[in-house]
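I have placed the structure first, in the form of structure tokens, so that the comments after it can refer back to it.
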Amino acid sequence: MHQYIFDNYTKNDKSSLIPIMQEVQSVYGYLPEKVMKEVSGYVGLPLSRIYGVATFYNMFRLAPLGENIIKVCRGTACHVKNSANLLFAIENTLGIKAGETTKDRKFTIELVNCIGACSIAPVITVNDDYHGRITTKDIPSIIKKYSGKQKAAGIEKAEEAGTV
Amino acid sequence: MNTFLEKCCDECWHSKERPCDLFIRCASEGPLCHHNQSCRDKFIHLNNRMLYIEQDIPIIFIGMGTCGLASGAQKVEDAIRAEVEKLQIDVKIEATGCIGFCAREVIVDVKLPGEARVSYYEITPKIVSKLIQSTIIEKDIFTEKLLGAHEPHSKGIKLLNDDPFFKHQVKIVLKECGVINPVSIDAYIARGGFSAFDKALRRMKPEEVVREVLQSGLRGRGGAGFPTGRKWEMALKQKSAHKYMVCNADEGDPGAFMDRSVLESDPFRVVEGMLIAGYAIGASDGYIYCRAEYPLAIERLEKTINQCKEYSLLGDNILNSDFSFNLKIKKGAGAFVCGEETALIASIEGKRGMPKPRPPFPAIAGLFGMPTIINNVETLANVASIIGKGAEWFSGMGTEKSKGTKVFALSGKIRNTGLVEVPMGTTLNKVVFDIGGGIPGGKRFKAVQIGGPSGGCLPESVIETKVDYESLKDVGAMMGSGGFVVMDQDTCMVDLAKYFLTFIQNESCGKCVPCREGTKRMLEIIERIPTSYRFTKEKTDQLQRYKGMITLQRLASVIRDTSLCGLGQSAPNPVLSGLQYFRDEYEEHLYERKCSSGVCKELLVYTVDNSKCTGCGVCVRKCSDQAILGEKGHAHYIVEEKCIKCGMCFEACRFDAIVIN
């Protein structure tokens, strides 16, 4: 199911490594080892180099994420407007720390340096929805809104492919 | 004719395969190859339609940049569509970018045929029907949420440019942002777009273009302020079969969002800048390295590039000339250090984004070993205006060494958050109070943080400083990419220094020791300042706290002098500027063990005001460590030894009964 990704890139083009990894991640939600071995063969780089790149950039994940990804912006403007408290409230509500996923795999909390929506700070995004100018009081209702959602497409696909 | 690509009649032969060199001029003055009044009329009509001078039905513009969307622009658009459907009226709905007044989003403009365009602020789905009723049905003004008219209006309402937020601004880069449809190449061409590139391509030699930019005094807007013309000159002199032009849109500086806004609201301006730069240095390939955190900007850039290809403005033999230029988008993967030139190059090459020592400079050996020029989005957005209007016009603005304008992203504790573009040399005071509207909630101005993690915090005593590269450096900050975060009395400077150091520490690539180890040690020193006795395990911690402060200054200077790249060299700036201007605050934390801003949690003491507490028990439920005792209906008590100072009780209390000392 990820084979089509390779069609857009020439074989052994080392500079296409990051775009390929980005596409793989958009399919599975993370970088499965099995797929990375194929990528390694395709771009002509050892797996160790790919691991190096994957761990260098904040974007890449080596483990599957929850269905809903809560990104808490930790930019300067959000920090000044108390995003630390926001994060604390989210962590308390879900019972996990930033970077972790809840046991039922419903939520993952991620920190992001800045999402560029500083004018409506503090901001969090859940999946692709922005929630700006929020306070800790808004957290329970936001989380509740997403609790009932179905499984994210990426995880379902990964389960089908047997890579989880 | 609905687009400039359509033929006015059979005599026009312009196509993607066989482009006409007069295409751009033809769009505004056409047709040039034959005389025919009806063809001329077609061009005039198309231009007027694109400029919204001619229209049959009302047009509704909705500001749909990221900040607009985050404020609910999509819901507003849906509501407007539903409303016009219900009322069975014909209107055109046009999505624009961001006009910069983010505090007042969602901004909706209404333009009736033959009337001036009027902006309205803070439009929500609830008031959409009122807005449409009064503006389109009654053809009146919706005074409740009136922001201003773009041009003089027949009803004599106030102009947008008279609003204090817009009055002091001079817009070059942001000129069309929020005004035009960002994904329509025709709208851009009708406003004189690509005419500067056309001028450079057909009437100027590459050397002349470089000279023009050099004379304009344009300096890099991404941070260091290196003269753009000098950079180009270096690359132009290189004899190489292949050269690259890269646009740095990896806006990693937390608190800056002007590049995102320009890419979302006026992407063609950036592409035109890249075309001119590519022509000037003789590059045949270009990359736009954009953060993956900006999905909307990437989507709009993709559309932009496709349209340019369709119009033969990108690709081989552009406009039938010898100049070929291909443009690709590379998505960043979330690394702050990739804003540094050599790290960015490594990232495009598919490697870990680690900087390299310079020289050789990228202009000599950069991407894939070829001469490469890397310019920031805002820098490139200036280029078309410089070539179009001349170096003299540009250098007429600004100060002696800093020419033109600078865009700042106003955020933090300021009333009018958003993007502002001011001439270089404007004072900080003017930006904060005249344009920004001052501090909300009757709070006191404390400092403004300029330049992100590489910059510094400037207090009230230097608020008359002019914004230009040198003046800001003299007072201990730097221009950076233009983040402008305002802080009031509730912001703790020690906490802020800790925040920036944590950021730098996380983002340090780990290649050189001073940055990797030095920032870590520095962070440890700063982290020790606001820790309480109660939470420390080692008995020597108190001693370590003083010792750290003694060595802090020296450590900072070693990191600054010996780091490999700009990230490390500027890493101590937030701490140094903090020590310079807010020493008393550091000392208060150290000696008196308190944080008067009420931010450093471990130094706070939470108590219950017995006279206000109703004993409702909300705080007891919120407290994660069972530190609050008390019976229902009676005043509660906080056990200090158990309290972890999370502040949840303070947030939860509806009677203001929790007091922080």
Side-chain angles (χ1 to χ4, degrees), chain A residues 13-23 25-26 43 45 49-50 52-60 71 73-86 88-89 91-92 95 110-121 123 125 128-133 135-137 139, chain B residues 66-67 69-71 102-103 105 251-257 259-261 291-295 330-336 338 347-354 368 409-413 417-419 449 452-453 483 485-487 491 495-496 499-500 503 506-507 509 624 646-648 651-652:
Chain A
D13 176 9
K14 293 177 177 57
S15 70
S16 61
L17 174 63
I18 293 173
I20 290 178
M21 285 163 76
Q22 283 168 334
E23 284 199 40
Q25 182 154 301
S26 72
V43 294
L45 283 170
R49 277 282 300 278
I50 294 181
V53 170
T55 50
F56 183 84
Y57 295 98
N58 294 336
M59 185 186 174
F60 296 120
K71 284 187 184 163
C73 180
R74 293 289 286 127
T76 320
C78 290
H79 177 78
V80 169
K81 291 210 169 171
N82 256 334
S83 66
N85 275 2
L86 223 52
F88 191 79
E91 287 178 343
N92 257 2
E110 275 188 0
L111 298 183
V112 55
N113 282 338
C114 182
I115 40 181
C118 313
S119 51
I120 51 165
V123 193
T125 64
D128 285 331
D129 308 333
Y130 289 81
H131 299 270
R133 295 197 188 101
T135 65
T136 46
K137 291 193 177 77
I139 297 296
Chain B
T66 293
C67 41
L69 288 169
S71 307
C102 305
E105 293 281 0
E251 195 174 39
D253 173 0
F257 52 94
D259 292 353
R260 168 185 67 72
S261 192
R291 291 181 81 193
E293 285 89 342
Y294 293 168
K330 279 271 177 181
K331 275 195 277 180
F336 176 66
C338 288
S347 181
I348 293 181
E349 289 173 351
K351 299 175 190 156
R352 287 165 73 99
M354 289 182 168
F368 305 116
L410 264 52
S411 63
K413 308 279 182 68
T417 52
L419 284 182
Q449 211 283 342
V485 186
V486 179
M487 288 150 217
T491 310
D495 178 69
L496 195 76
Y499 162 77
F500 278 121
F503 177 84
N506 283 339
E507 293 300 329
C509 78
S624 53
C646 64
M648 294 303 277
E651 301 255 341

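Every chain is numbered from 1, with letters handed out A, B, ... down the list of sequences. Note that the coordinates shown come from a computational prediction; the quantities given were computed from them, not determined experimentally. What you see below is based on every heavy atom in this structure, not just the backbone, and it leaves out hydrogens, waters and symmetry mates.
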Taking all atoms of both residues into account, what is the closest heavy-atom pair of A:I120 and B:A70, and its distance? CD1-CB, 3.1 Å
Pick out which of A:C118, A:C78, A:S119 makes a side chain to side chain contact (heavy atoms under 4.5 Å, CB included) with B:S411. A:C118
Measure the NE2-CG distance between A:H79 and B:L496 for me, rounded to the nearest 0.5 Å. 5.5 Å
What distance do B:F257 atom CZ and A:I115 atom CD1 have between them, rounded to the nearest 0.5 Å? 12.0 Å
Leading residue by heavy atom contact count with chain B [cutoff under 4.5 Å; candidates A:T76, A:T55, A:N85]: A:T76
Counting N and O atoms only, with roles assigned by atom type, does the side chain of A:K81 sit under 3.5 Å from a partner on the main chain of B:G412, one being a donor and the other an acceptor? yes
Contacting moiety of B:S347, where chain A heavy atoms sit under 4.5 Å: both
Interface moiety of B:A292 toward chain A, non-hydrogen atoms closer than 4.5 Å: side chain
Within-4.5 Å side-chain heavy-atom neighbours: A:Y130 and B:L69: no
Under the rule for salt bridge (charged side-chain N to carboxylate O under 4.0 Å, His left out), what residues qualify as partners of B:E105, not counting sequence neighbours? none
Between B:E507 and chain A, which part of the residue has a heavy atom less than 4.5 Å away: side chain, backbone, both or neither? side chain
Tell me, side chain or backbone of B:C509 under 4.5 Å from chain A's heavy atoms, or both, or neither? both
Side chain proximity check, A:F56 to B:K351, heavy atoms < 4.5 angstrom: no
With chain B, the option among A:N92, A:N113, A:L17, A:T125 that has the most non-hydrogen atom pairs under 4.5 Å is A:N113
Atom of B:K331, atom of A:Q22 and distance for their closest heavy-atom approach: O-NE2, 3.2 Å
What residue, out of A:Q25, A:R133, A:K71, A:M21, has the most heavy-atom pairs lying under 4.5 Å from chain B? A:R133
SG of A:C114 to CG of B:D253: how many Å apart, nearest 0.5 Å? 7.5 Å
Ignoring hydrogens and geometry, is there a side-chain-to-backbone donor-acceptor pair from B:Y499 to A:V80 under 3.5 Å? no
Pick whichever of B:T491, B:D495, B:T66 has the most heavy-atom pairs under 4.5 Å with chain A. B:D495
Option that, when pairs with chain A are counted at under 4.5 Å, heavy atom only, ranks first among B:C102, B:C338, B:G353: B:G353
Interface moiety of B:N506 toward chain A, non-hydrogen atoms closer than 4.5 Å: neither
Residues that A:S16 engages under side chain to side chain contact (heavy atoms under 4.5 Å, CB included), provided they are two or more places apart: A:Y9, A:D13, A:I20, A:V43
Pairs of heavy atoms under 4.5 Å with chain B: top-ranked of A:R74, A:R49, A:H131: A:R74
Under 4.5 Å to a heavy atom of chain A? For B:R352 that would be both
Out of B:A103, B:G334, B:A256, B:A333, return the one with the most heavy atom pairs under 4.5 angstrom to chain A. B:A333
Side-chain donor-acceptor pair under 3.5 Å between B:E651 and A:T136, yes or no? yes
Specify which of A:P19, A:A84, A:G132, A:S15 makes the most heavy-atom pairs with chain B at under 4.5 Å. A:S15
